[in-house]
Structure formats: C-alpha cells, structure tokens
Amino acid sequence: MKVLLDTHSLIWFFSGHPNLSNRGRQIMDDVNHQKLISLASVWEMGIKQSKGKLSLSLPLEDYINDKIKLEDFDLLPIKLNHLALISTLPFHHNDPFDRLLIAQGITENIPILSRDIVI
C-alpha cells in the first residue's frame, strides 16, 4: 500500500512524538508500505524552520535525504496535474500545503496519513 504523509505525521514519526497514533506508527514502520513525502511537506517544513517553529538536527535537505535513505521513504514531486486540481477543490481547507497534499492524494489515488479530519 502507498501512503502520503501529512507534514505533521512525518515530523511526529521522525521525532517519536506521542501525538502520532499507534496505527499511524504501524503504517510507517511497515516495510511493505511505500511511504511518500510530498515536496509540499518539505517546503512547509522549510517555512516552519525559518519561523523558528521547527528545529531539525541537520539542514533540511540533509535531514530529508537521510530519512529517505535510512527510513525507506520516497519523495513525491509536485506535478502540473496536482496544481491544476487545486483550482477545482472546494474550500473545506484553506491551508495551501494541505490543499496540495489533497490534490496529490486524489490525483495519484493515494490515501493521506493525517490527524486532520478535514483531509
């Protein structure tokens, strides 16, 4: 099974944060699942880091590259068809990063692992 990670799920998993549900942790620990990190999440993490809301042990690029290599995650690029779908989505969610994740999930037919019930 493929799963697209919401930014908070990704951060919580990598930091061992207790807010990540047991089911979420099981999904991410399972080597049979393809875990995808959207470039939108990396972008969001960079913004959080620049605002002082996120502290990482390494520069962002190194941090993500290490997680991809060591934790068996893959990057999901942002494609034009993902961006095109955003304009057709209803405004149940105003966060631009979440809207992009939703568009990627729909376009690629991948469930999103998120605590956000609107997603």
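Remember, predicted model here, so these are calculated numbers, not experimental data.
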Atom of H33, atom of I27 and distance for their closest heavy-atom approach:
CD2-O, 3.2 Å

Identify, with sequence neighbours excluded, every residue that meets side chain to side chain contact (heavy atoms under 4.5 Å, CB included) alongside I47.
W43, K51, F97

Got a second to check how far I11's CD1 is from L20's CG, nearest 0.5 Å?
12.0 Å

In terms of heavy-atom contacts, I86 and A103 come closest through CG1-CB, 3.8 Å

Considering non-hydrogen atoms only, spot the tightest contact between L75 and I68 and give its length.
CG-CD1, 3.4 Å

Quick check against the 3.5 Å criterion: does S9 have a side-chain atom that pairs as donor or acceptor with the backbone of L5?
no

Distance (rounded to the nearest 0.5 Å) between S114 OG and H8 NE2:
4.0 Å

side-chain hydrogen bond (donor to acceptor under 3.5 Å, both in side chains): which pairs involve residues 16-29, sequence neighbours left out?
none

Looking at E108 and K2, is there a salt bridge between them, counting it only when a charged N and a carboxylate O are closer than 4.0 Å?
no

When rounded to the nearest 0.5 angstrom, what is the spacing between CE in M45 and NZ in K53?
15.0 Å

Here the gap from I102 atom CD1 to H82 atom NE2, rounded to the nearest 0.5 Å, amounts to 13.5 Å

What I'd like to find out is whether the side chain of N32 reaches to under 4.5 Å of the side chain of M1, using heavy atoms alone.
no

Value rounded to 0.5 Å, distance of CG in L76 from CD in Q34
9.0 Å

Could you pull out the closest heavy-atom pair between I112 and L101, with the gap in Å?
CD1-O, 3.3 Å

Short question: side chain of R99, backbone of P90 - any donor-acceptor pair under 3.5 Å?
yes

Show which residues join V31 in its hydrophobic cluster (side-chain heavy-atom contacts under 4.5 Å, direct or indirect), or state none.
none

Sorted by chain and residue number, the side chain to side chain contact (heavy atoms under 4.5 Å, CB included) partners of I78 (sequence neighbours excluded) come out as L39, A40, L83, L100, Q104

Min side-chain heavy-atom separation S38-L4 under 4.5 Å:
yes

Cation-pi, F73 ring and K67 (6.0 angstrom, 45 degrees)
no

Once side chain to side chain contact (heavy atoms under 4.5 Å, CB included) is applied, do any residues pair with N109, and if so which ones, sequence neighbours excluded?
none

From K79 NZ over to T107 OG1, what is the distance, rounded to the nearest 0.5 angstrom?
9.0 Å

Using only atom types and a distance under 3.5 Å, with no angle test, would you say the side chain of D95 pairs donor to acceptor with the backbone of D98?
yes

Who are the side chain to side chain contact (heavy atoms under 4.5 Å, CB included) partners of L58, not counting sequence neighbours?
D62, Y63, D66

Using a 3.5 Å distance criterion without hydrogens, assess whether the side chain of S41 forms a donor-acceptor pair with backbone atoms of I37.
no

Hey, are the side chains of K35 and D74 touching, using non-hydrogen atoms and a 4.5 Å cut-off?
no

